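Just so it is clear, the structure is predicted and the values come from calculations on it, not from any experiment.
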Amino acid sequence: MTDICGDFRRLLMAALEDLAARGVLPQRLDLSRVAVEPAREPAHGELSTNAAMVLAGPSRQDPMRLAESLARALKDREFETGGYRGTGFRVEAARPGFLNIRFGAEVWHAQLKAILEAGAHFGDSDLGRGEKVNIEFVSANPTGPMHVGHGRGAVVGDALAALLEKAGYRVTREYYINDAGAQVDALARSLYWRYREALGESLGAMPEEAYPGEYLIDTARALIACDGEKWFGRPQGEWLAPLRDFAVGEMMRLIREDLALIGVTHDLFTSERELVETGAVAETLAELEKGGLIYRGVLEPPKGKLPEDWEPRAQTLFRATRFGDEVDRPLKKSDGSWTYFATDIACHRKRMKDGFPLMIDVWGADHGGYVKRMQAAVTALGGGKAQLDVKLCQLVRLFDKGAPVKMSKRAGTFVTLREVVEAVGKDVFRFIMLTRRNDQTLDFDFAKVTEQSKDNPVFYVQYAHARAHSVMRHAAEALPASALADEALAGARIERLEDPFELALIRRLALWPRLVESAAEAHEPHRIAFFLQQLAAEFHLLWTKGKEEARLRFILASDPELTLARLALVRALALVIASGLAIIGVAPCEEM
RNA sequence: GACCCCGUAGCUCAGUUGGAUAGAGCACUCGCCUUCUAAGCGAGUGGCCGCAGGUUCGAAUCCUGCCGGGGUCGCCA
């Protein structure tokens, strides 16, 4: 654990306790709003804390005077971070009541050493304390190949999972297969149509509700290879279920293949149909019933535009309004089968029973209207112990050289995830999917994302990593490999690094653990991608400084000691970029 | 009509969970290749953070009400 903000916070807390013991501060103050963060302005030092301002009110003191007492209380205390131990910092009170903290270079040197010692584990956190988290993502209907929007959800979910793992959670990646509703029956009928067609029957246009995609032609061939003409001419009652299962199986195989293309694998596939057939849904309903949360009733018609066929109907309803939803929600269709909501409640209940206090669902933004009712159900069944966060992913719009790529399922100009990934590669796809917040629409331009220039963030970051390795390769020509190993570099005379740009890079690297934690807490993996871009920029800058001023070059034949110190910095940069890319799921290439 | 998301530089977007003088990329202007990859870097121009109130030491961030864009709205998933 090397988090300089966190480490300083501990020191600050000790000082606050001391002030409380001396009667300067009241006992048992609420310290939750006290923050130690990196300063935004260089003029404000390197870290700053709002402690005095936050505590001024409750302790009835002038913030500025409190800040000054705090500064005194901190003076000459021992500070421990990343292997450093000493008093190499200065604290000063500033204007409204901030405390600005400055460090001697030795503190940053220790940070760099600690990074090299931690290696790929630098930034690991125990924020999650080994708590179990379930992340449900993708969960595309098993009725056809995946499109780009599914791909976005896949990357967001998978990167979030990796991020939470790095932050100390035990993560289960789950795919919920919607294989129980009407749409998989439609899939079976579509397959049957393709089956008859493949067996030589001449048919007209496909029915309206059918899935017209050509992928089912292959599935029909596979079916023939498997079952021959067994189903031909038989009544629907005989073939519907077996063909549905066959089709869903094939679709899931396709989907897994597509996911494998972008490096996504799930730990758990849960079948909606199984939840129904094993009685898990019925059990769930019984449990709600016992809690008095289910009733038969008629819903108010929606205000504003009234649906054409609206008529008052008595339905089986869940009292979602008790838990913050706008209306109570139906659990059964008029044919007696479960609604999607009912089975989904059962799915979340299963997760809670499996011991997940935290569940995260990654959905498309079109499901936004569904969030409250699902959270209501989780609250109702979890007794407040379980929590559900839903990440909604906005649309991905495809462009090529600035022109929108027109897509229509009907017209057949439908771009699948596979096509996109085959065109641009897994790494580009994954990185670009994280260059926007999940709730922001994302423009994906084939030309731009494959461009090798600084305008392309994927390239920009990978290039920084490759450059670092390029330096190491050059160094290896003059220095023995044993001197370039991480352990050896950790022992280099790092204190020789004195240039402000070098120290600035170390400072940025030292923020990595804090960034991992805040991104994990916010469930926002895109922050990793943005951090890597900043880090890459800082490194490219340093590189160019070496171009301009020979004394700033990494490799100096005249000064092997300084060379090794700089290589330590270069190596640390490569480590952090690689560990960030690992979360995003992008390969850190060593050559471009 | 209700609910959810979004609104930040001309464009595309970040903004460390309420901090100090709001940032980056593109575009535009001007600079930097005898030297580890110029596939890069620097400088400059550019802002009523949609509008109006409120909360407090302090608001792009939290609350309320509007305006604009998108999504959703009883047996689709």
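One side chain, A:Asp361 or A:His348, offers a donor N or O that lies under 3.5 Å from an acceptor on the other. For the residue pair A:Glu174/A:Thr270, the side-chain donor-acceptor check at 3.5 Å is satisfied.
A:Asp328 comes within 4.0 angstrom of no nucleic acid atom, judged by non-hydrogen atoms across all strands. A:Pro330 comes within 4.0 angstrom of sugar-phosphate atoms only, judged by non-hydrogen atoms across all strands, and of no base. A:Ser48 comes within 4.0 angstrom of a nucleotide base, judged by non-hydrogen atoms across all strands. In this structure, A:Ala365 reaches the sugar-phosphate backbone alone: every heavy-atom distance under 4.0 Å involves primed, P, OP1 or OP2 atoms, never a base. Using a 4.0 Å heavy-atom cutoff across all strands shown, A:Pro301 reaches no nucleic acid atom at all. Nucleic acid contact for A:Pro457: none, since no nucleic acid atom lies under 4.0 Å from a heavy atom of the residue. At a threshold of 4.0 angstrom between heavy atoms, the contacts of A:Phe530 are confined to the sugar-phosphate backbone, with no base atom among them.
Comparing B:C11 with B:C5, their C1' atoms are spaced 22 Å from each other, to the whole Å. For B:U35 and B:A39, the P atoms lie 12 Å apart once the distance is rounded to whole Å. Distance noted for atom P between B:C26 and B:G58: 38 Å (whole Å). For B:G47 and B:G15, the C1' atoms lie 15 Å apart once the distance is rounded to whole Å.
If you check distances only, the side chain of A:Asn50 never reaches the base of B:A20 with a donor-acceptor pair under 3.5 Å.
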Extract all donor-acceptor atom pairs below 3.5 Å that involve side chains of residues 138-145 of chain A and protein atoms in other chains or at least two apart in sequence.
residue	atom	partner	partner atom	Å
A:Ser139	OG	A:Glu136	OE2	2.8
A:Ser139	OG	A:Tyr176	N	3.0

For residues 43-56 of chain A, which side-chain N or O atoms pair as donor and acceptor with protein atoms under 3.5 Å away, sequence neighbours left out?
residue	atom	partner	partner atom	Å
A:Glu46	OE1	A:Phe103	N	2.8
A:Glu46	OE2	A:Trp108	NE1	3.2
A:Glu46	OE2	A:Arg507	NE	3.1
A:Glu46	OE2	A:Arg507	NH2	2.7
A:Thr49	OG1	A:Ala35	O	2.9
A:Thr49	OG1	A:Ala51	N	3.1
A:Asn50	OD1	A:Ala35	N	2.9
A:Asn50	ND2	A:Arg33	O	3.3

Grab the N/O contacts between the protein and nucleotides 54-57 of chain B below 3.5 Å, and write none if there aren't any.
none

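Judged as a side chain to side chain donor-acceptor pair (under 3.5 Å), and not counting sequence neighbours, the contacts of A:Thr316 are A:Arg296. Listed by chain and number, the residues in a side chain to side chain contact (heavy atoms under 4.5 Å, CB included) with A:Arg496 are A:Arg493, A:Asp559, A:Glu561, A:Leu562, A:Ala565 (sequence neighbours excluded). Taking A:Arg397 as the reference, A:Asp443 meet the side chain to side chain donor-acceptor pair (under 3.5 Å) condition, with sequence neighbours excluded. Listed by chain and number, the residues in a side chain to side chain donor-acceptor pair (under 3.5 Å) with A:Arg102 are A:Glu92 (sequence neighbours excluded). With sequence neighbours left out, the side chain to side chain donor-acceptor pair (under 3.5 Å) criterion links A:Arg329 to A:Asp325.
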What is the per-nucleotide protein-contact pattern of nucleotides 37-42 of chain B, from the 5' end, where B denotes a base atom under 4.0 Å from a protein heavy atom, S denotes such proximity for sugar-phosphate atoms only, and - denotes neither? BSBBSS
Across nucleotides 2-7 of chain B, 5' to 3', mark each nucleotide with B, S or - according to how protein heavy atoms within less than 4.0 Å reach it. -SSSS-
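For A:His44 and B:A20, the ring-to-base geometry satisfies the stacking test (centroid distance below 5.5 Å, interplanar angle below 30°).
Nearest heavy atoms, A:Tyr370 versus A:Trp363: CD2-CH2, 3.5 Å.
For B:U72, the base is anti relative to its sugar; the glycosidic angle deviates from 0 by more than 90°.
For RNA chain B, if you chain together Watson-Crick or G-U pairs that step i with j, i+1 with j-1 and so on, the runs of at least three with distances under 3.5 Å are B:1-7 with B:67-73, B:10-13 with B:23-26, B:28-32 with B:40-44, B:50-54 with B:62-66.
Applying the side-chain hydrogen bond (donor to acceptor under 3.5 Å, both in side chains) rule to pairs touching residues 525-534 of chain A yields A:Arg508-A:Gln534, A:Glu524-A:Arg527, sequence neighbours excluded.
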